[in-house]
Peer 1: 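Next up is a structure, given as structure tokens.
Just so we're on the same page: letters track the sequence lines, and every chain starts at 1.
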Amino acid sequence: MNADVPRGRWEIFVETFFRQDLIDEYSGAILQGMVVTIEIAILVVLCGLALGLVLAMIRAYRVWAINVVITVFVDVLRALPPLVLILLVYFGLPLVGLNFSSFVVLWLVLTLVLAAFAEEIFWAGILSVHKGQWEAARSTGLGFSETLAYIIIPQAVRMTVAPLTNRTIAITKNTALGTVIGVSEILNQATTAQSFSGSATPLMMGAIAYIVLFIPIVALGRWIETRFAWRRA
Amino acid sequence: MTDWEIVLKEWPRLASGFGTTLLLFGISAVGAFLLGALMVGPLRSRSKIVRIALRSYVDGMRMLPFLIFVYLLFYGLPTFGVKLDAWTAGLLGLTVYHCAYVAEILRGAWDQLPVGQTESAQAHGYHGLRLIRRIVLPQLILNTAPVLGNQLIYILKDTSFLMIITVQDLTYAASSIQSMYFVPLEPFLIAMALYWAISLLIEGFVRVVHGTAKERGLGHA
Amino acid sequence: MPEEVPVLQVDGISKSFDGVEVVSNVSLKIYSGETISILGPSGSGKSTLLRCINWLEKPDRGDVYLAGKRVGRKEDDQLMSDHELASVRTQMGMVFQSFNLWPHFTVLQNVIEAPVHVLGVSKDDAVVRGEHLLEKVGLEAKRDAYPYSLSGGQKQRVAIARALAMSPTVMLFDEPTSALDPELVGSVLQVMHDLRDSGMTMVVVSHEMRFAREAADRIVFMSDGIILEEGTPEEIFKAPKHRRTQEFVAEISR
């Protein structure tokens with residue numbers, strides 16, 4: 001190796017992805033991006049899971065017409081690239097006189113997409129609860145709604161934790177799409193910094209920000225899974 | 001000119017974008033599956049170093065948004081002397097990102113495979129890649145057809161993200177038409193219909209594979 | 001008639017699991033054409049011993065020799081590579097308690113699979129031999145069926161045909177009938193009898209007494225990891241020497 005300019009592979013790697021001065025300069029921006037990402041993620045997860053659960057419960061009443069609507073809605077949202085949906089809503093809503101901010105558009109689309117996936121997962125959970133549970137509950141005089149709410153759903157939820165955790169992580173990753181419509185989340189901050197500085201270091205900072213964000217979610221998911229792991233009757 | 005007429009006039013743009021999407025999807029799907037299948041053996045390796053290295057890679061891909069991974073490739077690799085255009089960076093990103101998911105799906109399936117399958121293969125003189133390719137992998141694929149099908153749909157959806165680094169796929173085409181003519185609905189509706197058509201095809205394909213599995217008694221009910 | 005070099009020789013094999021010694025310093029010689037039955041109570045180590053022969057379990061100590069050549073280790077005491085071990089295993093056929101047929105292949109495909117892809121036999125030759133073997137086990141009509149649709153006894157007979165397709169020097173049976181409903185056992189035992197009569201060297205680990213009594217040349221009785229007694233069926237069943245053997249014979253004769 002040339003003694004004057006020690007540019008081994010490792011040095012180049014660090015120089016490209018971990019430049020100290022840039023790390024100092026852009027930490028604040030990345031952190032701000034993290035705050036926005038977390039805000040959207042929490043709102044989307046809460047609303048999306050709630051909506052998905054409600055849709056699955058409605059489906060349990062087996063009203064044919066409503067179920068068709070729900071099924072179509074869910075299929076469409078699950079099959080399509082979220083980016084296309086975001087662009088459609090962002091450019092389309094003003095046509096009907098609704099002028100939402102980018103933040104709201106992102107929240108709205110991601111919530112609907114999560115609700116679609118969550119509905120399918122909850123529905124699979126409801127179906128997996130043994131029929132005997134329904135019969136036993138009804139025979140003690142509980143009404144349909146009460147059975148659904150107090151007996152079936154708690155058991156259905158147990159089966160859903162693993163797929164829901166995966167979906168939550170996926171949705172949180174999709175917050176990155178906010179970049180396209182100008183939401184100042186992590187990716188936006190990272191790519192803006194990248195084009196100002198011409199270095200890939202801010203991108204690596206963004207990547208690490210995401211990983212830091214996800215480790216607790218994954219840990220939380222595992223904790224919930226073990227806590228709900230009561231034995232089958 | 002009505003909005004629809006505008007969009008229809010631009011059909012070559014949409015067709016070209018659709019072609020790019022299909023090409024990216026096709027190549028990366030095949031690549032991701034091949035790499036994932038190659039990776040699943042080492043993922044369960046007896047060597048701790050190999051196992052931990054691959055596990056970190058798989059977990060890393062699961063925690064990173066696809067887009068930032070592609071950005072890292074696109075802007076990071078040139079410093080190593082590897083200059084990629086957006087299309088190639090996108091293809092590489094799709095393949096490397098999704099092969100981690102495929103490997104993880106197959107690994108989970110292998111953990112569920114009865115140990116007698118590999119033992120009887122070993123007793124008959126199978127080992128290494130041949131054992132995986134002839135005896136283990138076909139069963140893993142047949143058992144996980146629906147989950148692998150979902151992964152294919154994720155790959156399809158991720159191709160649309162590449163428009164952000166200016167890869168001229170279907171979403172890019174639709175977005176261009178929108179910004180050129182201020183037609184906010186039609187191009188995206190057409191794009192959506194095309195994406196949906198592909199995902200229906202994928203689901204049909206999965207159903208066929210799943211049917212093949214069931215006639216052999218495979219594929220968990 | 002014993003020949004000079006045993007087809008299979010086991011020398012001081014020991015194997016432990018989790019600190020418990022399951023097989024203790026077991027030695028055995030098996031000559032060409034012999035049928036050996038290894039009997040013993042559960043936990044006596046007989047299955048583990050069998051699996052040490054083709055190194056599905058790696059022995060902690062001791063050696064195995066197939067036709068005079070060491071299995072699992074090379075001449076310099078180094079472990080054989082996966083490739084070398086796989087090559088030796090092709091000379092030993094194994095039949096498992098849970099059949100372990102490959103579900104994604106048809107019956108015939110199961111039988112020709114290893115000969116074609118491991119031994120390099122041409123597909124046509126393998127098919128001819130495969131059909132012949134399926135006929136011998138009475139299942140030629142099922143050649144295009146999937147294992148999924150077969151009964152346990154049928155699956156095991158296919159498994160035997162599959163192992164025989166490799167033209168092995170010795171056949172190892174690990175509890176071949178233990179997972180079968182009683183009425184299906186007979187069909188499998190018949191195949192094993194025919195195999196014995198054709199001169200194959202067989203080592204059978206089993207709970208199944210009928211076969212040991214009627215077909216074995218020698219019985220090896222194991223208990224707690226060691227060979228307690230060895231002898232002809234008459235010796236073992238009519239006049240067992242050890243108390244443990246006597247208890248076992250009395251128990252299973254009831």
Peer 1: Compare every heavy atom of B:Y75 with every heavy atom of A:A200, then report the nearest pair and how far apart it is.
Peer 2: CB-O, 3.9 Å
Peer 1: About how many Å separate OG1 of A:T191 and OH of B:Y71, when rounded to the nearest 0.5 Å?
Peer 2: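 Going from OH on B:Y71 over to OG1 on A:T191, the span is 4.5 Å.
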Peer 1: May I ask you to test the B:L72-A:F17 pair for a side-chain heavy-atom distance under 4.5 Å?
Peer 2: yes
Peer 1: Which word best sums up how the rings of B:Y154 and A:F117 line up, parallel for under 30°, tilted for 30 to 60°, or perpendicular for over 60°?
Peer 2: tilted
Peer 1: So do B:M63 and A:I215 actually touch side chain to side chain, heavy atoms under 4.5 Å?
Peer 2: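 Yes, close enough: below the 4.5 Å cut-off.
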Peer 1: Nearest 0.5 Å, what's the CG-NZ distance between A:L85 and B:K157?
Peer 2: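 If we round to the nearest 0.5 Å, A:L85:CG and B:K157:NZ are 8.5 Å apart.
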Peer 1: Side chain, backbone, both or neither: which part of A:L177 has a heavy atom under 4.5 Å from chain B?
Peer 2: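 The side chain, not the backbone.
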Peer 1: Starting at CG of B:L67, measure out to CG of A:L203 and round the result to the nearest 0.5 Å.
Peer 2: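 Reported to 0.5 Å precision, the distance equals 10.0 Å.
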Peer 1: On a heavy-atom basis, which atom in B:L185 and which in A:G92 lie closest, and how many Å separate them?
Peer 2: CD2-CA, 4.2 Å
Peer 1: Answer yes or no: are there more than 12 heavy-atom neighbours, outside B:W11 itself, under 6.0 Å from its atom CH2?
Peer 2: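 Open.
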Peer 1: Sort by residue number and list every residue of residues 48-58 of chain B having at least one heavy atom under 4.5 Å from chain A.
Peer 2: none
Peer 1: So how far is it from A:L83 CG to B:F188 CZ, rounded to the nearest 0.5 Å?
Peer 2: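 With rounding to 0.5 Å, CG (A:L83) is 8.0 Å from CZ (B:F188).
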Peer 1: For chain A, which residues from residues 161-171 of chain B lie under 4.5 Å away (heavy-atom distances)?
Peer 2: B:F161, B:M163, B:I164, B:T171
Peer 1: Under a 4.5 Å heavy-atom cut-off, does chain B meet the side chain of A:L88, its backbone, both or neither?
Peer 2: both
Peer 1: I need the B:F74 CZ to A:Q194 CD distance, nearest 0.5 Å.
Peer 2: 9.0 Å
Peer 1: Which answer fits A:L95, side chain, backbone, both or neither, if we ask what part of it has an atom under 4.5 Å from a heavy atom of chain B?
Peer 2: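 Just the side chain, heavy atoms under 4.5 Å.
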Peer 1: Which residue out of B:G60, B:S160, B:A191 racks up the most heavy-atom pairs below 4.5 Å with chain A?
Peer 2: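 The residue among B:G60, B:S160, B:A191 with the greatest pair count is B:S160.
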Peer 1: Could you grab the distance from atom NZ of A:K173 to atom CD1 of B:I68, nearest 0.5 Å is fine?
Peer 2: 12.0 Å
